[in-house]
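All chains are named by letter (A, B, ...) in the order of the sequence lines, taking the proteins before the strands, and each is independently numbered beginning at 1.
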Amino acid sequence: MPLDLERQRPDDAGADTDAAAVAGLDALDTPTVVATPWWRKLLSTWLPPFVALTLFVVIWQIVWASAITSEFKVPAPAAVWDEFAATVADGQVWTILWTSISRAFIGFAIALLIATPLGLLVARVAVVRAAIGPLLTGMQSLPSVAWVPAAVLWFGLTDATIYFVVLAGSIPSIANGLVAGIDQIPPILPRVGKVLGAGGLTAARHILLPAALPGYLAGCKQGWAFSWRSLMAAEIIAAGPLLGFGLGAYLKQGSDFSNMPGVIAAIFLILIVGIGIELLVFRPLERRVLRARGLAS
Amino acid sequence: MTATLERSAPVRRTPAVALTGVHKTFGSGPSAVTALRDIDLAVAPGEFVCLLGASGCGKSTLLNLVAGLDRPTSGTLDVRTTRPSVMFQESALLPWLTAGRNVELPLRLAGMSRKERRARAEELLELVRLGGQAAKRPHELSGGMRQRVALARALAAATSVTDADTPGLLLMDEPFAALDAITRDVLQGELLRVWRATGITILFVTHDVREAVRLAQRVVLLSSRPGTVVREWTVGANSERLHEEITARLREVITSHAA
């Protein structure tokens, strides 16, 4: 870069001594970060849910002990625990969990592959949006369990039925999340991309997709919840020899045998998996993305 | 000394930007709004020109035309530089990238190698006095620092294709308007320093007479609705008198809209 000192004007000579002023302003203006100690963070995250859970079990125990209703309807917490421990002891719980979780993951992965281009199309192509945008939103309010009877007739009692229901449940959420994410991009960012030399696919790669990431992730999170819900519904309703024995089937079996502790153990397992994936996969991912943008502490 | 010029300023070399008879109309039919009418403007390479005007004078529209974000309805627009780079009122940094990556982005889009662009970004951040801050995220920086990162990024874009004969063109759309007075004052000084150090051509839009007089070599006053060039001044030594003169003229232009 050539230095052109001829242009120096006398009345601006003072501007060059501004280095110190700049440094001072920066020091004054920079946002300060207050760090909380790790143990306090841990305590504030884990203590409240732990207390709530303990209270719940205590109340449950009291209700059972007061015998206001029959043992058949409200079993003792200990009985549910024993049922659960038994399935763990003979290893059955792992095959049940694996059957359901692997299905949910495969279904979710396929849903991602379909929903992502679909969402991009709906967000960026006006005709496509006008044509299927409202449908996509409407699909979200249709309980995916409503697809089960149709899917059973189409595909019989096979894995295809299960996957169809899972996809029908999760694709609209993921696609809608991406559309919302793109819609919420501040209009200045695509303009900046343009003046910096990004157009077409480069703009999508460097501006559009990263800018839409928070909304997309929120959609994925909801898509996961929907696919897990749909999977359970499908597994409960569609049971057959060709279908593996998953959590839904386990729940159905408990109900068929009037085994209340088994039913409650199954419900807890379904909940634990749903919450576990959310806490282990989506929460950290989302926090990382939001924190990088200064949207979460 | 304040020199008052005719409409066309003396341009020694081929202008970096030349607008001839540029019109810009938004919409059509009876609801059409004329934003710019018959604009003639030439900016020499390496020159610092301020476009001054009240709200609604179409100065941002004019800048968008030069930036290539919009097309003139009629007239010719000649931009003889590499792609002009733009700095907006908001820093418009990409919030998911660090300061360094933000500056690197235009270089990356221009196909510069990773090592080269990293060195160049560090150099530019150094130039805006943000050396060593490349790893910071935009939200970890103050408004003034963000605006300086945006300046470094705009400089990176303007100089991504280096050519000694055609200095880059930097378009600035009220870049300091959202900052507090002290920061603005310091950044104006910084901008002048950077301009001298790089020899870049700057077209700067503002509604602040003092800012225009302090920064520019030439001030162009635009009228409002539709925007036309009212008058031009070259800035000489007696900036205080010029400030008064321009303010009086600007007041006249604004008052004419009172009816």
Would you check, one step at a time, whether the test ring pair (Phe, Tyr, Trp, His ring centres under 6.0 Å) holds for A:F105 with A:W224?
CA-CA 9 Å; A:F105 265 98; A:W224 161 259; 5.5 Å; yes
Mind ranking B:M87, B:K136, B:M145, B:Q133 by heavy-atom pairs under 4.5 Å with chain A and telling me who comes out on top?
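If we count pairs closer than 4.5 Å to chain A, B:M145 comes out on top.
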When heavy-atom pairs shorter than 4.5 Å are enumerated against chain A, which of B:L97, B:L130, B:V86 gives the highest number?
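Top option by heavy-atom pairs under 4.5 Å: B:V86.
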Just say parallel, tilted or perpendicular for the rings of B:F204 and B:F176, cut-offs at 30° and 60°.
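B:F204 and B:F176: tilted rings.
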Gap between atom CZ of B:R218 and atom CG of B:L51 - 0.5 Å precision
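The distance works out to 9.5 Å.
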When rounded to the nearest 0.5 angstrom, what distance separates OG in B:S60 from CG in B:D173?
3.5 Å
Under 4.5 Å from any heavy atom of chain A - which part of B:L105
side chain
Does any backbone or side-chain atom of B:P84 lie under 4.5 Å from a heavy atom of chain A? Answer side chain, backbone, both or neither.
backbone
Between A:I207 and chain B, with a heavy-atom cut-off of 4.5 Å, which part of the residue counts as in contact: side chain, backbone, both or neither?
both
Going by side chain to side chain contact (heavy atoms under 4.5 Å, CB included), B:R148 matches just one of B:L141, B:V128, B:L191, B:V194. Which one?
B:V128
Selection from A:G294, A:P210, A:G197 maximising heavy-atom pairs under 4.5 Å formed with chain B:
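Result: the option with the highest number of such pairs is A:P210.
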